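Here's the structure, in structure tokens; my notes come after.
One-based numbering along the sequence shown. Computed from a predicted structure; not experimentally measured. Below, each value reflects all heavy atoms present in this structure, side chains not excepted, and no hydrogens, waters or symmetry copies.
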Amino acid sequence: MQKMSLDTQSWRDLDARHHLHPFTDHKSLRTQGSRIIVRGQGVYIYDSEGQEILDGMAGLWCVNVGYGRKELAEIAAQQMLTLPYYNNFFRCTNDQAVTLAHKLTQLAPSHINNVFFASSGSESNDTVIRLVRRYWALGGESERNIIIARKRGYHGSTIAGASLGGFAAVHEQIGLTLPGIYHIDPPYWWGLGGDLSPEEFGLKAANKLAEAIEQLGPHRVAAFIAEPIQGAGGVIIPPDSYWPQIQRICQHYGILLVADEVITGFGRLGEWFGSQYYHITPDLITVAKGITSGYIPLSAVLVGDRVALRLVEEGGEFYHGYTYSGHPVACAVALKNLDILSEEKLLEHVKQEIGPYFRQRLAELADHPLIGEVRSQGLVGALELTPDKKRRASFPGDGKVGLICRDFCFKNNLVMRAVGDTMILSPPLIFTRQHVDKLVTLARQAFDLTAREVL
Ligand code: PXG
């Protein structure tokens with residue numbers, strides 16, 4: 001194996017000189033210096049100083065089966081020797097892509113029987129836009145080209161993905177976002193619910209979709225895209241009233257429902273898909289991340305019969321595809337990863353054992369003076385930092401307190417993310433009770449230290 005032997009400072013210097021990081025203020029990073037992660041095992045990552053860090057985010061919501069899985073490395077090596085690459089254009093396919101497509105349709109809700117592969121969540125959401133527009137154009141309704149999405153939704157960082165996403169600051173940097181995308185408020189009770197009960201607010205938030213459709217013109221709206229639980233927007237878990245009402249509204253207006261399951265797929269909520277958890281029947285589902293547990297890039301759009309039949313029967317050639325669509329190595333790793341999830345019963349583990357324990361232990365943190373709301377589902381969770389729980393007040397300073405807390409976690413060797421002043425967690429699915437206990441202890445220490453500075 002090729003290995004440069006450099007010390008931490010040298011890596012940092014090179015990083016500062018040559019590496020542009022994603023979503024980073026480089027000037028500030030370059031003064032602080034980056035942490036160099038060199039190894040992972042189980043639920044821990046290790047930095048170049050030999051520190052062992054508990055990974056409460058499963059990488060970036062993706063390392064579902066944990067680090068250091070030999071089986072995944074071995075299958076990748078084997079597949080590279082057998083067939084490292086071939087394309088799926090020009091009447092060709094490969095055994096791994098076919099097997100995975102079949103397998104995914106077995107796991108997905110029964111009306112989903114087709115799969116289109118790509119290599120990232122962003123690409124998959126580009127594909128979604130292409131499929132949605134094509135679907136309506138083939139039906140003779142090309143003017144139906146508006147996609148409704150949500151504020152605080154995250155759908156990727158290509159221009160299409162970031163345009164679907166609901167972050168004004170991102171849109172400002174893009175300049176000209178993709179036209180035909182409209183954003184409604186998210187079902188974020190803590191931030192937006194006012195005096196309503198969560199259930200009342202869930203209905204109100206869902207009804208924003210109907211209001212938007214009426215306002216834009218029902219004949220112009222093509223689709224609604226949403227994450228079952230909003231991840232990067234702050235782990236926004238909708239009240240129970242939300243999704244059934246959204247499903248009814250989509251059915252009533254005949255618009256396509258797209259579930260972005262890049263985070264909620266593959267066990268995070270204790271089911272293969274969040275759509276199954278919420279009993280919704282999306283026409284399209286995007287997946288990425290946990291499909292390979294992040295070991296290799298792969299994503300897909302799971303295409304329901306309504307769209308697939310029209311595309312196949314009436315569509316002619318679909319002018320769309322990526323060099324790496326159905327990459328055999330990525331598909332082989334995904335298949336093995338799905339085997340691990342099944343064989344180790346990790347979905348059951350999340351649903352029956354560790355998800356409930358995670359919820360119970362996190363909930364105990366609600367007694368901390370800094371913590372307003374605690375919410376979790378399966379193995380995602382969020383803790384709202386507040387100067388006044390009763391009023392559900394926010395700190396001034398646009399996420400400054402969240403960053404202070406995140407930095408205390410960082411120093412204390414826990415990865416917990418901040419989205420504004422919301423602390424979020426999404427640990428690997430192999431988490432045990434001991435890991436949860438350790439996480440809660442480290443988190444409480446970080447809250448104590450933060451409270452000392454800000455309360
Ligand atoms: N959809 C969802 C729901 C996601 O969470 C994407 C699409 C895009 O996937 P790619 O593979 O193109 O990155 C994501 C990705 C964060 C963070 O800050 C979250 C993501 C990516 C980067 C940062 O939590 N999610």
Does the side chain of Asn125 come under 3.5 Å of the side chain of Ser122 through a donor N or O and an acceptor N or O?
-> no
Give the C-alpha distance, both sets of side-chain angles, the deciding distance and a yes or no for side chain to side chain contact (heavy atoms under 4.5 Å, CB included) between Val115 and Val303.
-> CA-CA 6 Å; Val115 180; Val303 184; over 6 Å; no
May I ask you to check whether over 12 heavy atoms, not counting those of Lys351, lie within 6.0 Å of atom NZ?
-> no
Measure the shortest side-chain to side-chain distance between [X] and [Y] over non-hydrogen atoms and say whether it is less than 4.5 angstrom.
X      : Y      : answer
Leu131 : Leu284 : yes
Phe224 : Arg150 : yes
Asp448 : Phe408 : no
His171 : His183 : yes

Please confirm whether Tyr277 and His279 have ring centers closer than 6.0 angstrom.
-> no
Are His320 and Phe116 close enough that their ring centers fall under 6.0 Å?
-> yes
Show the numbers, then the answer: is there a salt bridge (Lys or Arg N to Asp or Glu O under 4.0 Å) between Glu384 and Lys389?
-> CA-CA 9 Å; Glu384 297 283 359; Lys389 335 185 169 214; over 6 Å; no
Between Arg12 and Ser34, is there a donor-acceptor pair closer than 3.5 Å when you use the side chain of the first and the backbone of the second?
-> yes
Partners passing side-chain hydrogen bond (donor to acceptor under 3.5 Å, both in side chains) against Gln445 (at least two apart in sequence or in another chain) = Asn412
Please list, chain by chain and in numerical order, all residues satisfying side-chain hydrogen bond (donor to acceptor under 3.5 Å, both in side chains) with Thr450, sequence neighbours excluded.
-> none
Mutual orientation of the aromatic rings belonging to [X] and [Y] [parallel < 30°, tilted 30-60°, perpendicular > 60°]:
X      : Y      : value
Trp272 : Phe266 : perpendicular
His435 : Tyr44  : perpendicular
His327 : Tyr85  : tilted

Between Leu379 and Pro427, the two heavy atoms sitting closest are O-CD, 3.3 Å
To the nearest 0.5 angstrom, please state how far the CG atom of Asp407 sits from the CD atom of Glu453.
-> 9.5 Å
Just do the side chain to side chain contact (heavy atoms under 4.5 Å, CB included) check on Leu425 and Leu383 with the steps written out, would you?
-> CA-CA 9 Å; Leu425 291 161; Leu383 303 113; 4.2 Å; yes
Residues passing the salt bridge (Lys or Arg N to Asp or Glu O under 4.0 Å) test with Arg361, sequence neighbours excluded, are Glu364, Asp437
